[in-house]
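Side chains included, hydrogens not; waters and symmetry mates left out as well; all remaining heavy atoms used. All values reported here derive from a predicted model rather than from experimental measurement.
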Amino acid sequence: MNAIVTKQASELLQKVNGFSSVNGEGIVSQVERKSLLLLLWIPYLNLQKTGTADELLDGAISSLREVAACAGLGLIRPALLAMRTEIDLMLSWLYFKDHHVEWHYVNNTGDGFKLKKEILEYFLKYYKDFGFRFGILKDIVTRTEIDPYRLLSAHIHSQSLATLPCVYDLKDIVGEKKILGEIPSLAHNVDEYISDILFATFDKSWTQLPPALLQSVRSRFKTKPQENNFFNGK
């Protein structure tokens with residue numbers, strides 16, 4: 001093996017081990033805490049599986065685990081990619097679970113995937129109160145990014161100076177502790193964004209949701225009329 005490659009691989013392993021042994025458990029725990037809403041949704045969502053595209057929901061949950069694992073190892077860009085994948089897969093599941101023919105076509109041809117914009121437009125058209133409820137929740141966010149998908153996409157596409165990768169040696173893929181410390185906050189942005197989409201989509205099943213999940217959204221309303229409008233619809 002090339003001596004330079006051997007040296008860089010060794011340095012990479014040392015840096016990953018060094019970061020993970022000191023900070024890994026803490027970051028993984030923070031990501032878990034900041035992703036509590038999706039974790040609360042999982043038992044209910046599993047009951048909504050239709051036998052079509054169930055793998056997409058499982059993949060979205062797996063992506064959350066990837067976020068925690070990559071962040072715990074100090075790998076920033078893979079963690080960001082996993083966050084965006086988490087959103088993509090959840091949206092895709094919400095669409096394809098009710099579209100057997102389209103899902104069959106995607107798997108047979110590799111074509112026919114739906115973009116985020118297309119899926120949200122579908123919700124707006126066919127889910128009576130989706131736009132109304134999602135609009136209310138957008139006005140009372142606790143997250144710092146209204147649309148975290150947009151921020152994550154900027155990092156994935158890397159078409160600006162602020163988002164370009166900067167890796168000269170293999171070990172440089174391990175990020176700075178300060179930047180990695182922002183991952184849990186981003187995880188909260190993604191968690192609340194996904195939860196808001198789910199609340200706006202599954203709008204007839206309040207009594208089936210965990211009390212802690214309902215309380216998470218009730219605590220955000222600014223007035224009682226706003227809360228009543230959200231739960232009762234137009």
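- With rounding to the nearest 0.5 angstrom, the CG atom of Leu152 is 6.5 Å from the CG atom of Leu186.
- When the side chains of ILVMFWY residues are joined at heavy-atom separations under 4.5 Å, either directly or via intervening members, Leu75 and Phe19 end up in a single hydrophobic cluster.
- Paired with Glu55 under the rule side chain to side chain contact (heavy atoms under 4.5 Å, CB included), one option of Trp103, Trp93, Phe96 passes, and it is Trp103.
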Show the atom names and distances, to 0.1 Å, of all donor-acceptor pairs under 3.5 Å that link a side chain in residues 192-200 to residues at least two apart or in another chain.
unit_1, atom_1, unit_2, atom_2, d
Glu192, OE1, Thr142, N, 3.0
Glu192, OE1, Arg143, N, 3.1
Glu192, OE1, Arg143, NH1, 3.0
Glu192, OE2, Thr142, N, 3.4
Glu192, OE2, Thr142, OG1, 2.4
Ser195, OG, Trp41, NE1, 2.9
Asp196, OD1, Arg220, NH1, 2.9
Asp196, OD2, Arg143, NH1, 2.9
Asp196, OD2, Arg220, NH2, 3.1

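- Side chain of Asn189 to backbone of Pro148: no donor-acceptor contact under 3.5 angstrom is found.
- Ring-plane geometry between Tyr95 and Tyr122 is classed as perpendicular, the angle between the planes exceeding 60 degrees on a 0 to 90 degree scale with a lower cut at 30.
- Proximity of the aromatic rings of Phe202 and Tyr44 is defined here by a centroid distance below 6.0 angstrom, and this criterion is met.
- Partner of Asp147 under the salt bridge (Lys or Arg N to Asp or Glu O under 4.0 Å) criterion, out of Lys116, Lys138, Arg84: Lys116 alone.
- Counting all heavy atoms, side chain and backbone alike, Leu124 lies closest to Gly131 at CD2-CA, 3.4 Å.
- Taking a 6.0 Å sphere around CZ of Arg150, one finds it holds 12 or fewer heavy atoms contributed by other residues, nucleotides or ligands.
- Criterion: ILVMFWY side-chain heavy atoms under 4.5 Å apart, direct or through other members. Under it, Tyr126 and Phe134 are part of a common hydrophobic cluster.
- Closest heavy-atom contact between Lys49 and Asn46: CE-OD1, 3.3 Å.
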### Task
Could you walk me through whether Asp98 and Thr50 pass side chain to side chain donor-acceptor pair (under 3.5 Å), step by step?
CA-CA 7 Å; Asp98 298 317; Thr50 63; 5.2 Å; no

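- The pair Lys7-Glu11 meets the salt-bridge criterion, with a side-chain N (NZ, NE, NH1 or NH2) lying under 4.0 Å from an Asp/Glu carboxylate O.
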### Task
Test Gln8 against Asp169 for side chain to side chain donor-acceptor pair (under 3.5 Å), laying out the working first.
CA-CA 7 Å; Gln8 290 206 14; Asp169 295 314; 3.0 Å; yes

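- At least one test fails for Arg133 against the ring of Tyr127: distance under 6.0 Å to the centre or angle within 45° of the axis.
- Put simply, the side chain of Asn17 gets close to the backbone of Leu13: a donor and an acceptor are under 3.5 Å apart.
- A donor-acceptor pair under 3.5 Å is absent between the side-chain atoms of Ser92 and the main chain of Leu89, judged by distance alone.
- When all heavy atoms of Phe221 and Ile136 are compared, the closest pair comes out as CE2-CG2, 4.0 Å.
- Looking at Gln226, its side chain does come within 3.5 Å of a backbone N or O of Lys222 through a donor-acceptor pair.
- Taking Tyr149 as the reference, nothing meets the ring-ring contact (aromatic ring centres under 6.0 Å, His included) condition, with sequence neighbours excluded.
- A distance-only check finds a donor-acceptor pair linking the side chain of Thr85 to the backbone of Leu81 [under 3.5 Å].
- Here the two rings, on His100 and Tyr105, have centers that are 6.0 Å apart or farther.
- Residues Ile76 and Leu151 share a hydrophobic cluster, clusters being chains of Ile/Leu/Val/Met/Phe/Trp/Tyr side chains in contact below 4.5 Å.
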### Task
May I have the step-by-step check of side chain to side chain contact (heavy atoms under 4.5 Å, CB included) for Leu137 and Val141, ending in yes or no?
CA-CA 6 Å; Leu137 294 177; Val141 298; 6.0 Å; no

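- Between Ser153 atom OG and Leu80 atom CG the span is 11.0 Å, to the nearest 0.5 Å.
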Distance-only criterion, 3.5 Å: show the donor-acceptor pairs between side-chain atoms of residues 177-185 and protein atoms not counting sequence neighbours.
none

